[in-house]
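On a predicted model such as this, the values are computed, not experimentally measured, just so you know. Values below: all heavy atoms of this structure, side chains included; hydrogens, waters and symmetry mates excluded.
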Amino acid sequence: MAAELEYESVLCVKPDVSVYRIPPRASNRGYRASDWKLDQPDWTGRLRITSKGKIAYIKLEDKVSGELFAQAPVEQYPGIAVETVTDSSRYFVIRIQDGTGRSAFIGIGFTDRGDAFDFNVSLQDHFKWVKQESEISKESQDMNNRPKLDLGFKEGQTIKLSIGNITTKKGGASKPKTTGTGGLSLLPPPPGGKVTIPPPSSVAISNHVTPPPIPKSNHGGSWIHHHGQDTEQLHQYKDRV
């Protein structure tokens with residue numbers, strides 16, 4: 001199902017590529033392009049590199065019609081599917097396969113050295129991405145296989161939280177102390193009884209001062225005395241007249 005969801009993407013396109021039939025490798029020293037008939041290619045056309053999932057495909061196609069001439073699936077690079085030659089950077093040996101499982105090795109070459117460089121880099125980048133994806137997938141799998149830390153509460157399990165001077169148990173409410181004015185604790189009333197508030201006791205005013213008696217004024221008597229003398233002098237004055 002996953003393979004059906006994968007889509008094919010194009011990694012590189014080169015309009016000119018030459019294909020050569022190559023002799024069997026005589027030793028383990030590698031392929032040499034000088035052993036091929038470089039001036040007489042067996043086929044010329046267009047090269048495309050595509051990818052589908054982790055596999056890259058080197059496709060040799062007709063320049064005009066786009067018909068597929070040969071295809072080389074690449075599962076690893078560097079690897080047996082694509083090898084460089086020992087005497088040039090513009091030529092490679094690829095392993096083509098048909099639908100029946102048969103395979104053959106052919107030589108390919110580019111006239112432009114830059115095209116050969118792009119061909120090489122496209123394959124390198126693809127398999128670098130494959131390696132990174134594999135590492136990420138492995139790390140994700142390792143994380144899933146690790147035992148999970150259970151931070152949940154078991155049945156009946158409690159924890160204590162200390163907040164300032166109040167210590168409570170999770171799941172229960174703390175009972176605050178009832179305080180009256182000034183921070184004094186008030187005792188609850190006795191059960192079944194009434195609270196009797198005693199009357200306020202009379203307190204003698206110890207610092208009360210009795211006002212002193214008001215002294216009698218002699219001013220009135222002195223005025224009458226002088227007034228009487230004036231009256232008497234007035235009568236004497238009338239008698240003389």
Side-chain angles (χ1 to χ4, degrees), residues 1-140:
M1 182 66 179
E4 296 179 358
L5 298 176
E6 293 176 349
Y7 61 92
E8 187 176 38
S9 60
V10 178
L11 305 179
C12 178
V13 177
K14 294 302 171 182
D16 294 305
V17 65
S18 298
V19 174
Y20 304 91
R21 291 180 182 179
I22 60 174
R25 181 161 49 182
S27 63
N28 293 329
R29 67 179 184 178
Y31 294 100
R32 291 173 57 88
S34 58
D35 296 336
W36 310 344
K37 298 178 180 179
L38 298 180
D39 57 344
Q40 298 178 8
D42 296 291
W43 184 86
T44 59
R46 178 181 67 188
L47 180 142
R48 282 199 312 144
I49 301 178
T50 65
S51 66
K52 190 174 184 180
K54 297 181 179 181
I55 301 177
Y57 297 89
I58 302 174
K59 297 184 177 184
L60 304 174
E61 302 170 341
D62 186 83
K63 290 183 180 181
V64 179
S65 65
E67 183 182 358
L68 182 64
F69 171 74
Q71 176 175 273
V74 183
E75 298 179 359
Q76 184 180 355
Y77 184 76
I80 192 173
V82 182
E83 298 182 58
T84 58
V85 298
T86 59
D87 57 348
S88 177
S89 62
R90 295 187 291 116
Y91 296 91
F92 303 85
V93 175
I94 65 174
R95 183 183 64 181
I96 59 175
Q97 293 181 349
D98 59 11
T100 62
R102 295 180 301 178
S103 63
F105 291 92
I106 62 173
I108 62 173
F110 302 94
T111 304
D112 191 336
R113 196 176 301 275
D115 291 344
F117 176 81
D118 293 342
F119 171 83
N120 188 29
V121 170
S122 297
L123 291 173
Q124 288 179 350
D125 289 347
H126 171 72
F127 286 99
K128 185 184 296 183
W129 171 82
V130 170
K131 183 179 179 181
Q132 292 175 350
E133 288 293 312
S134 298
E135 292 175 353
I136 293 173
S137 177
K138 183 179 179 181
E139 291 177 0
S140 178

Ile106 and Ile94, any side-chain heavy atoms less than 4.5 Å apart: yes

Can a side-chain donor-acceptor contact be found between Gln97 and Ser103 if the only test is distance below 3.5 angstrom? no

Between the side chains of Ser51 and Ser9, does any donor sit under 3.5 Å from an acceptor? yes

Salt bridge flag under 4.0 Å for residues Lys52 and Glu8: no

Hey, is CD on Gln124 packed in by over 12 heavy atoms from elsewhere, all under 6.0 Å? yes

We want to know whether Tyr77 and Asn120 form a side-chain donor-acceptor pair, criterion being a heavy-atom distance below 3.5 angstrom. yes

Would you find more than 12 non-hydrogen atoms of other residues, nucleotides or ligands less than 6.0 Å from Lys63 atom NZ? yes

State whether the side chain of Arg90 and the backbone N or O of Phe110 hold a donor-acceptor pair below 3.5 Å, judged by distance alone. yes

For Asp87 and Arg32, indicate whether the former's side chain and the latter's backbone hold a donor-acceptor pair under 3.5 Å. no

Minimum-distance pair of heavy atoms, taken over all atoms of Val74 and Ile55: O-CG2, 3.6 Å

Non-hydrogen atoms of Ala81 and Pro73 that approach each other most closely: CB-O, 3.7 Å

Heavy-atom neighbours of Glu67 CD exceed 12 at 6.0 Å: no

State plainly whether the residues Arg25 and Glu83 are in salt-bridge range, i.e. N to O under 4.0 Å. yes

